[in-house]
Amino acid sequence: EDKVVQSPLSLVVHEGDTVTLNCSYEVTNFRSLLWYKQEKKAPTFLFMLTSSGIGKKSGRLSSILDKKELFSILNITATQTGDSAVYLCAVVTQGAQKLVFGQGTRLTINP
Amino acid sequence: EAGVAQSPRYKIIEKRQSVAFWCNPISGHATLYWYQQILGQGPKLLIQFQNNGVVDDSQLPKDRFSAERLKGVDSTLKIQPAKLEDSAVYLCASSKTGNPQETQYFGPGTRLLVL
């Protein structure tokens with residue numbers, strides 16, 4: 001069974017800190033990995049990663065994929081209170097037409 | 001561009017009652033997804049429609065859950081009868097073609113509490 005595991009489950013830091021969120025996966029026929037930010041209820045798309053070693057960056061957020069070690073990290077620098085959310089990692093497999101989500105990391109940024 | 005619309009936003013029912021949720025995807029999106037997100041967990045796909053046909057309903061508890069998308073646009077998800085463990089947020093998402101590499105856009109969700 002395909003599995004996506006995120007760590008930590010919960011993280012509390014102060015504004016301005018840098019955080020790294022982890023996502024590891026065990027799936028058959030990996031195709032791509034996606035990161036979502038979930039505030040309140042609706043997840044919003046952040047990044048899609050398909051190739052090892054080629055990261056994505058958007059402002060203070062960046063992410064990289066390691067297909068050999070089967071994990072990805074999401075890095076947020078100079079955190080702000082608006083970064084408080086649940087961050088979800090999901091994997092798409094070849095053939096399957098669906099996302100398999102991890103359980104999420106709840107990030108809280110204190111002022 | 002209007003986003004994915006869902007209603008109601010909240011629903012409280014007693015176990016064994018029935019409930020229905022509605023979703024209207026982004027205009028022109030062929031693929032519609034219903035997810036169940038239990039507190040503290042990631043979303044789990046219940047059913048995926050491509051236009052008005054079902055692509056994947058392997059994780060839908062068919063003894064109590066049903067969904068339809070008769071005209072290939074909006075969709076309803078029904079639970080009958082509800083159980084306590086159905087308490088969750090039900091998220092609807094849509095994408096243009098259903099290619100799994102494509103971004104899925106999520107609605108605000110319906111929070112269901114079964115007492």
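We use all heavy atoms of the structure for the numbers below, so side chains are in, but hydrogens, waters and symmetry mates are not. In what follows, chains are A, B, ... by sequence order, proteins preceding strands, each numbered from 1.
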Phe45(A)/Tyr105(B) aromatic ring centres below 6.0 Å: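 No, too far apart.
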For chain A, which residues of residues 72-83 of chain B have heavy atoms nearer than 4.5 angstrom: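 Result: none.
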Determine whether [X] and [Y] fall in the same hydrophobic cluster, where Ile, Leu, Val, Met, Phe, Trp and Tyr are linked whenever their side-chain heavy atoms lie under 4.5 Å apart.
X        : Y         : result
Ile26(B) : Leu32(B)  : no
Tyr33(B) : Val100(A) : no
Trp34(B) : Val4(B)   : no
Leu21(A) : Leu49(A)  : yes

Region of Gln38(A) in contact with chain B, defined by heavy-atom distances below 4.5 Å: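 For Gln38(A), the side chain is the part near chain B, not the backbone.
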Region of Thr50(A) in contact with chain B, defined by heavy-atom distances below 4.5 Å: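 Contact with chain B: side chain only.
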Is it the case that over 12 heavy atoms from other parts of the model lie below 6.0 angstrom from the [atom1] atom of [X]?
X         : atom1 : result
Lys56(A)  : NZ    : yes
Leu39(B)  : CG    : no
Glu102(B) : CD    : yes
Lys68(A)  : NZ    : no
Lys57(A)  : NZ    : yes

Segment of Ser95(B) engaging chain A (4.5 angstrom heavy-atom cut-off):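 Neither; nothing under 4.5 Å.
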Side chain / backbone / both / neither for Gln37(B) at chain A, heavy atoms under 4.5 Å: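 Interface part for Gln37(B): side chain.
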Nearest heavy-atom neighbours spanning Pro108(B) and Ala42(A):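 Nearest heavy atoms, Pro108(B) then Ala42(A): CA-CB, 4.0 Å.
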Closest approach of Leu88(A) to Pro43(B) (non-hydrogen atoms, all atoms of both residues):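 Scanning both residues completely, I find the closest heavy atoms to be CD1-CD, 3.8 Å.
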Leu45(B) and Phe101(A), any side-chain heavy atoms less than 4.5 Å apart: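 No - every pair of side-chain heavy atoms lies 4.5 Å or more apart.
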Pairs touching residues 49-72 of chain A that satisfy ring pair (Phe, Tyr, Trp, His ring centres under 6.0 Å), sequence neighbours left out: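 Sorted pair list comes back empty.
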Top contributor to chain B interface from Gly104(A), Ser32(A), Ser10(A) [non-hydrogen pairs under 4.5 Å]: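 Ranked by contacts with chain B, first place is Ser32(A).
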